[in-house]
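Just so we're on the same page: letters track the sequence lines, and every chain starts at 1.
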Number of protein chains: 2
Amino acid sequence: MRHTITILVENEFGVLTRVAGLFSARGYNIESLNVAPTLDATVSRMTLVTRGDERVIEQIKKQLNKLIPVIKVEDISHEVHMEREMLLVKLQSEPGSHDAIIALAEEVRAKVIEDAADSYIILELTGQADKLDAFISSLEAYHLIEMTRTGPLGMRRGARGFTLD
Amino acid sequence: MRHTITILVENEFGVLTRVAGLFSARGYNIESLNVAPTLDATVSRMTLVTRGDERVIEQIKKQLNKLIPVIKVEDISHEVHMEREMLLVKLQSEPGSHDAIIALAEEVRAKVIEDAADSYIILELTGQADKLDAFISSLEAYHLIEMTRTGPLGMRRGARGFTLD
């Protein structure tokens, strides 16, 4: 089963190594990961996607909670939540393909970040992973120079937050 | 100096632990990090932001290149490039604040992801880190329930890509 885990950690150094190490020690691959600062400069928030057995994930969560810099852990896969990520793609653009690429972007409301018409186009799209995947597929006829995506952020629906207290 | 480093790695397990470990071993904090799959399912791409001495970063880059699963490393801070990230914020919404929050969102073209008018609003904004920071500041008068951001993705400008070959 796919698990999306959100973690609040103190910005001590080495914390990322230790968190990632708990997964790799059990042979669990981290499919995607985000780490970035929060409003409190001493605290970072991670969103981590992995696949695996419920029981093993439970064990990893317990071990995460035992790490001193870990403040809070939640497997939001069990909650009503949403996941969104961001994609950037750079495509080769030529007189013959430029307008078609822009039209595809407009269809899904991708943002045109750069449009060097006779050379390349950079597009940005946000949404659920499957929407991003479908968009990438729709670009198959064109020359994709480069793509990069953030991996999902996860947030519970509803008025409750995932915060320090 | 702030460095934005992009890395292509084979999806062997433990690779994240090893990459992160090279930074923590030198006492370098990873300010933000993204890891997500690429078009080639066996390869992931990371974008990592850290601050430090040019010489030390050069050494870390060399060590990264020596790790078997690391395919390519680039410090794009030295290149003409752009960085964009995604932010999600959940705000408390009440009859007295709802319209003002929506107006602030429209001003910066943030997307309204959920609008439970009498309870909470979830907004999404993409762009450079300073734009996201400024938006968060502009929300100070309202009750921020939760925020999460991806950390930046980095991409060179120009037609050249950052790919396997």
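Taken from CZ in Arg149(B) to OG1 in Thr47(A), the straight-line distance is 13.0 Å, to the nearest 0.5 Å. Remark: Ser32(A) OG to Arg45(B) CZ distance equals 15.0 Å, nearest 0.5 Å. If you take CZ on Arg160(A) and OG on Ser119(B), they are separated by 13.0 Å, rounding to the nearest 0.5 Å. Taking CG of Asn34(B) as the reference point, atom CG of Asn34(A) lies at 5.0 Å (rounded to 0.5 Å). Taking CG of Leu88(A) as the start and CD of Glu83(B) as the end, the distance is 11.0 Å to the nearest 0.5 Å. Interatomic distance, CE of Met86(A) versus CG of Leu87(B), reported as 11.0 Å (0.5 Å rounding).
Under the 4.5 Å side-chain heavy-atom criterion for Ile, Leu, Val, Met, Phe, Trp and Tyr, Tyr142(B) and Leu125(B) are members of the same hydrophobic cluster. Leu104(B) is connected to Leu123(B) through a chain of hydrophobic side-chain contacts under 4.5 Å among Ile, Leu, Val, Met, Phe, Trp and Tyr, so both are in one cluster. Put simply, Val89(A) and Tyr120(A) are part of two different groups of oily side chains (I, L, V, M, F, W, Y) that touch within less than 4.5 Å, one to the next. Grouping the Ile, Leu, Val, Met, Phe, Trp and Tyr side chains by contacts below 4.5 angstrom, directly or via other members, places Leu8(B) apart from Met147(A). Leu67(B) is connected to Tyr28(B) through a chain of hydrophobic side-chain contacts under 4.5 Å among Ile, Leu, Val, Met, Phe, Trp and Tyr, so both are in one cluster.
Taking each heavy atom of Gly14(B) and Ser24(A) in turn, the nearest pair found is CA-CB, 3.6 Å. The minimum heavy-atom distance between Glu146(A) and Phe162(B), with the atom names listed, is OE2-CB, 3.1 Å. Closest non-hydrogen pair, Asn11(B) versus Asn29(A), comes out as O-OD1, 4.4 Å.
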Problem - Chi angles and distances behind the side chain to side chain contact (heavy atoms under 4.5 Å, CB included) call for Thr163(B), Ile145(A) - result: CA-CA 8 Å; Thr163(B) 47; Ile145(A) 299 172; 5.6 Å; no

Practice task
Take Lys111(B) and Arg84(A), measure what side chain to side chain contact (heavy atoms under 4.5 Å, CB included) needs, and give me the verdict at the end.
Solution key: CA-CA 12 Å; Lys111(B) 265 191 203 164; Arg84(A) 297 181 68 84; 3.9 Å; yes

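Side-chain atoms of Thr17(B) and Thr17(A) include no donor-acceptor pair closer than 3.5 Å. Using a 3.5 Å distance cut-off with no hydrogens or angles, the side chains of Glu124(A) and Thr126(B) do pair a donor with an acceptor.
Neither the backbone nor the side chain of Gln92(B) comes within less than 4.5 Å of any heavy atom in chain A. If you measure heavy-atom distances from Leu91(B) to chain A, you find no contacts under 4.5 Å at all. Only the side chain of Ile136(B) comes within less than 4.5 Å of a heavy atom in chain A; its backbone stays farther off. Only the side chain of Ile113(B) has a heavy atom closer than 4.5 Å to any heavy atom of chain A. Within the 4.5 angstrom heavy-atom criterion, no atom of Ala116(B) approaches chain A. Heavy atoms of Met82(A) lying under 4.5 Å from chain B belong exclusively to its side chain.
Proximity of a side-chain donor or acceptor of Lys90(B) to a complementary backbone N or O of Met155(A) within less than 3.5 Å is not detected.
Of the residues considered (Gly151(B), Ser44(B), Gly27(B)), Gly27(B) shows the highest number of contacts with chain A, using heavy-atom pairs under 4.5 Å. Ranked by heavy-atom pairs under 4.5 Å with chain B, the first of Gly161(A), Ala36(A), Ala159(A), Ala20(A) is Ala159(A). By number of non-hydrogen pairs under 4.5 angstrom with chain A, the leading residue of Ile121(B), Val19(B), Leu16(B) is Leu16(B). Ranked by heavy-atom pairs under 4.5 Å with chain A, the first of Pro37(B), Gly158(B), Gly21(B), Ala25(B) is Gly158(B). In terms of heavy-atom pairs under 4.5 angstrom with chain A, the leader among Leu48(B), Thr38(B), Ile122(B) is Ile122(B).
Gln128(B) CD: 12 or fewer foreign heavy atoms inside a 6.0 Å radius. Counting heavy-atom neighbours within 6.0 Å of Arg109(A) CZ, excluding the residue itself, gives a total of 12 or less.
Contact check for Ile30(A) versus Val35(B): no side-chain heavy atoms found under the 4.5 Å cut-off. Side-chain contact between Thr148(B) and Thr6(A): absent, with no pair of heavy atoms (C-beta onward) separated by less than 4.5 Å.
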